[in-house]
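Below is one structure, written out as structure tokens, with a few remarks after it.
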Amino acid sequence: MMTMLGKRQPLEQLAQQQWDLLVIGGGITGAGILLEAARRGLKVLLLEQTDYAWGTSSRSSKMVHGGLRYIAQGDVRLTRHSLLERERLLKELPGLVERATYLFPLRKGVFPGRWPMKAILWLYDFLAGIRDHRYLNRAEVEKRAPGLNTDGLTGAMSYTDALTDDCRLVMRTLLEAARHGGLAQNYTRVTGTQRVAESFEVSVTDRVNGGTATLQARHVINATGAWADRLSGSESRVRPLRGSHLFIDPARLPVSDCLTVMHPDDGRPVFVFPWEGVTCVGTTDLDHPEDMDIEASASERELQYLLKLINTQFPDVTVSRDDVYATIAGVRPVIASGKGVDPSKERRDHAVWKSDGIVTVSGGKLTTFRLIALDALLATGLIDARAHRAGQKTREPMYQPLDNAPQAVQHFLHASQDDQGFIEWLLNNESVVHLDDLMLRRTRLGLIKPNAGLAVLDRYRALIQQGLGWDDDRWEQEVQRYLGLHERFYGVPGLPDMERMAG
């Protein structure tokens with residue numbers, strides 16, 4: 001079996017085949033469905049309208065975690081499932097999913113205090129089958145988190161969760177699916193589905209060359225996340241919520257642990273953590289009523305909100321917008337309660353529903369993508385209840401080592417992204433179509449390097465042009481396209497990238 005995504009295939013080749021399952025959406029949920037279906041010997045195709053992980057799955061908080069707040073909300077079942085999946089991923093993908101220490105500072109008179117947090121963390125560890133939490137006194141906290149505001153500080157609770165690169169987790173899952181014969185194609189938009197007898201005709205458009213075709217599939221799963229309502233054929237169920245993060249110069253805000261700190265304005269927990277060589281701060285939680293076909297971007301309001309958090313928690317640093325390398329904003333596909341509650345109080349469960357034969361899945365957490373995939377396959381009838389239960393309980397590994405792949409493909413968090421062998425492998429094996437695919441998703445060089453990573457592009461120009469068959473005109477077009485996207489959607493609000501680079 002092939003173990004790579006390789007080059008995109010002509011639509012006419014895809015149209016000549018009868019597919020058992022067509023998955024729409026190339027985020028973590030779609031990738032998980034592709035892998036679980038391919039592992040069971042199904043003939044399955046995944047189509048993504050933009051690039052893999054272009055939506056929510058490259059813009060999360062990078063955490064594979066159980067979710068402490070879900071315990072606080074009484075959702076022990078979701079927390080337990082998340083924690084067991086966290087432990088599975090830690091075991092199977094070392095170097096891509098890594099255990100990390102989190103500190104929850106405790107302040108006098110501020111809820112929750114030491115003993116409520118200790119009780120929650122005891123249950124958290126119990127559900128995961130580990131024991132990792134402990135109390136740190138004030139002196140230990142000051143040593144572990146130098147510069148942290150000490151007003152009222154009494155100590156901290158220390159516990160562990162896990163960090164990942166969400167986009168690389170998607171790519172690793174797609175590569176694993178390809179090993180089992182699953183096929184995926186990016187920049188291919190589904191424009192319509194029609195039920196014909198016992199199967200579906202699916203109209204698609206190639207967004208690279210404009211070609212169109214009609215594909216045949218026995219089953220269709222709509223796994224488009226925040227876009228799910230467009231293709232579900234049912235009433236709207238998704239409440240799009242935007243979460244934004246800042247990537248900050250680590251010399252200005254160095255942290256070695258993941259800090260969970262409360263925002264002074266609304267008491268929301270916000271994370272400040274080390275990620276791929278920079279300091280990441282997030283997230284916000286706002287309704288996102290904007291056009292979903294336009295990339296989400298951090299607003300000035302969100303920038304100021306996160307800067308206020310940083311400068312309140314680290315009063316001696318005075319971080320400004322000039323210290324921000326890049327921003328990223330994602331839209332969470334939260335299943336709406338219909339009660340008009342505060343965005344942060346909406347539950348993070350997933351939902352699976354069926355309309356006119358099409359199965360739609362949306363909501364849920366990055367951590368539980370495998371379980372979500374099994375629920376979606378059950379809804380199609382491609383697996384029965386017995387196979388579903390067995391899949392939930394199995395200890396059979398999802399992932400096997402990839403032969404002849406650079407270290408960064410399997411152990412991304414410990415490898416250099418700025419590596420010629422890795423870049424060359426990506427160009428040959430991971431369906432790179434545009435420069436932003438390479439700089440923002442296959443690698444994160446456009447987020448973690450100053451000036452949108454232009455120095456990296458200059459260094460690898462010849463390699464990229466050769467690998468993708470681009471002449472000098474195409475290169476210049478792609479550079480301008482990438483810089484325009486970076487400035488508009490990944491830059492610092494109110495301060496154009498070009499101005500920052502000149503300064």
Side-chain angles (χ1 to χ4, degrees), residues 4-9 11 14 23-35 45-60 62 165-175 177-178 182-191 204-211 223-227 230 291-297 326 328-331 333 366 369 409 412 417 422-423 425-447 452-453 457 464 467-470 474 477-486 488-490:
M4 60 190 77
L5 299 175
K7 305 299 181 184
R8 302 171 68 257
Q9 296 195 16
L11 289 186
L14 303 179
V23 182
I24 310 170
I28 191 61
T29 300
I33 295 168
L34 181 72
L35 174 54
L45 170 67
L46 178 148
L47 299 178
E48 162 57 45
Q49 66 172 345
T50 312
D51 186 30
Y52 304 124
W54 179 86
T56 313
S57 294
S58 60
R59 307 158 188 262
S60 75
K62 323 303 177 197
D165 184 293
D166 46 4
C167 194
R168 290 308 310 172
L169 182 59
V170 172
M171 297 310 299
R172 183 66 183 83
T173 304
L174 292 173
L175 289 166
L183 188 64
Q185 181 128 311
N186 55 356
Y187 292 98
T188 306
R189 172 174 281 164
V190 172
T191 56
V204 299
T205 298
D206 187 320
R207 299 185 67 196
V208 175
N209 59 32
T224 54
W227 291 261
R230 288 186 179 179
D291 184 347
M292 288 297 299
D293 285 336
I294 298 174
E295 287 197 60
S297 57
I328 198 166
V331 180
L366 176 74
F369 72 90
V409 177
F412 187 75
Q417 302 177 37
F422 180 45
I423 300 294
W425 196 90
L426 295 174
L427 297 173
N428 290 330
N429 297 305
E430 292 198 1
S431 303
V432 173
V433 174
H434 294 293
L435 272 186
D436 51 295
D437 302 339
L438 182 66
M439 295 296 287
L440 298 174
R441 288 176 289 278
R442 303 299 182 278
T443 73
R444 300 309 193 127
L445 293 166
L447 300 176
L457 281 179
I464 296 169
L468 298 179
W470 291 350
R474 175 67 185 274
Q477 291 171 12
E478 285 288 337
V479 169
Q480 291 308 310
R481 177 186 191 274
Y482 165 63
L483 291 179
L485 287 171
H486 196 286
R488 185 174 177 189
F489 304 115
Y490 299 87

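Between the side chain of W470 and the backbone N or O of I464, no donor-acceptor pair lies under 3.5 Å. Using a distance-only test at 3.5 Å, with no hydrogens or angles considered, no donor-acceptor pair links the side chain of T205 to the main chain of R189. Although no hydrogens or angles enter the test, the distance criterion places a donor-acceptor pair under 3.5 Å between the side chain of T56 and the main chain of V331. Side-chain N or O atoms of T443 include one that pairs as donor or acceptor with a backbone N or O of L438 at under 3.5 Å. Put simply, the side chain of T173 never gets that close to the backbone of M171: no donor and acceptor are under 3.5 Å apart.
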Mind running side-chain contact (heavy atoms from CB on, under 4.5 Å) on L183 and L14 for me, showing each step along the way? CA-CA 10 Å; L183 188 64; L14 303 179; 3.5 Å; yes

Pair L447-M439, side-chain contact (heavy atoms from CB on, under 4.5 Å): steps then yes or no: CA-CA 8 Å; L447 300 176; M439 295 296 287; over 6 Å; no

Derivation of the side-chain hydrogen bond (donor to acceptor under 3.5 Å, both in side chains) call for S60 and D166: CA-CA 7 Å; S60 75; D166 46 4; 2.6 Å; yes

Could you walk me through whether R442 and D51 pass salt bridge (Lys or Arg N to Asp or Glu O under 4.0 Å), step by step? CA-CA 10 Å; R442 303 299 182 278; D51 186 30; 2.8 Å; yes

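One finds the CD atom of Q9 at 8.5 Å from the CG atom of L45 (value rounded to the nearest 0.5 Å). Taking OH of Y482 as the start and NE2 of H434 as the end, the distance is 14.5 Å to the nearest 0.5 Å. Here L468 contributes atom CG and N428 contributes atom CG; the two are 9.0 Å apart, rounded to the nearest 0.5 Å. Note: R207 CZ to Q185 CD = 13.0 Å, rounded to the nearest 0.5 Å. To the nearest 0.5 Å, the span separating CD on Q480 from CG on L485 amounts to 11.5 Å. Note: S431 OG to L5 CG = 5.0 Å, rounded to the nearest 0.5 Å.
The side-chain heavy atoms of F412 and L169, taken from C-beta on, include no pair separated by under 4.5 Å. Using a 4.5 Å heavy-atom threshold, the side chains of T50 and E295 count as separate. Proximity of R8 to D206: side-chain heavy atoms (C-beta onward) are separated by under 4.5 Å at one or more points. Within the 4.5 Å cutoff, the side chain of I28 has heavy atoms near those of the V170 side chain. Residues I33 and L46 form no side-chain contact, since every pair of their non-hydrogen atoms from C-beta on lies 4.5 Å or further apart.
When every heavy atom of A329 is checked against every heavy atom of A296, the shortest pair comes out as O-CB, 3.7 Å. Between N429 and L175, the shortest heavy-atom distance links the atoms O-CD2, 4.3 Å. Between G467 and L427, the closest heavy-atom pair is CA-CD1, 4.4 Å. Shortest non-hydrogen contact noted between A184 and L174 is CB-CD2, 4.2 Å. Shown here for G225 and P333, the closest heavy-atom pair between the two residues is C-CB, 3.4 Å. The two residues L34 and G182 have their closest heavy-atom pair at CD1-CA, 4.2 Å.
The aromatic rings of H486 and Y490 lie tilted to each other, with the angle between the two planes from 30° to 60°.
In summary, of the residues considered (W54, Y187, Y52), a side-chain hydrogen bond (donor to acceptor under 3.5 Å, both in side chains) with D437 occurs for Y187 alone. Paired with D165 under the rule salt bridge (charged side-chain N to carboxylate O under 4.0 Å, His left out), one option of R441, K62, R444, R172 passes, and it is R444.
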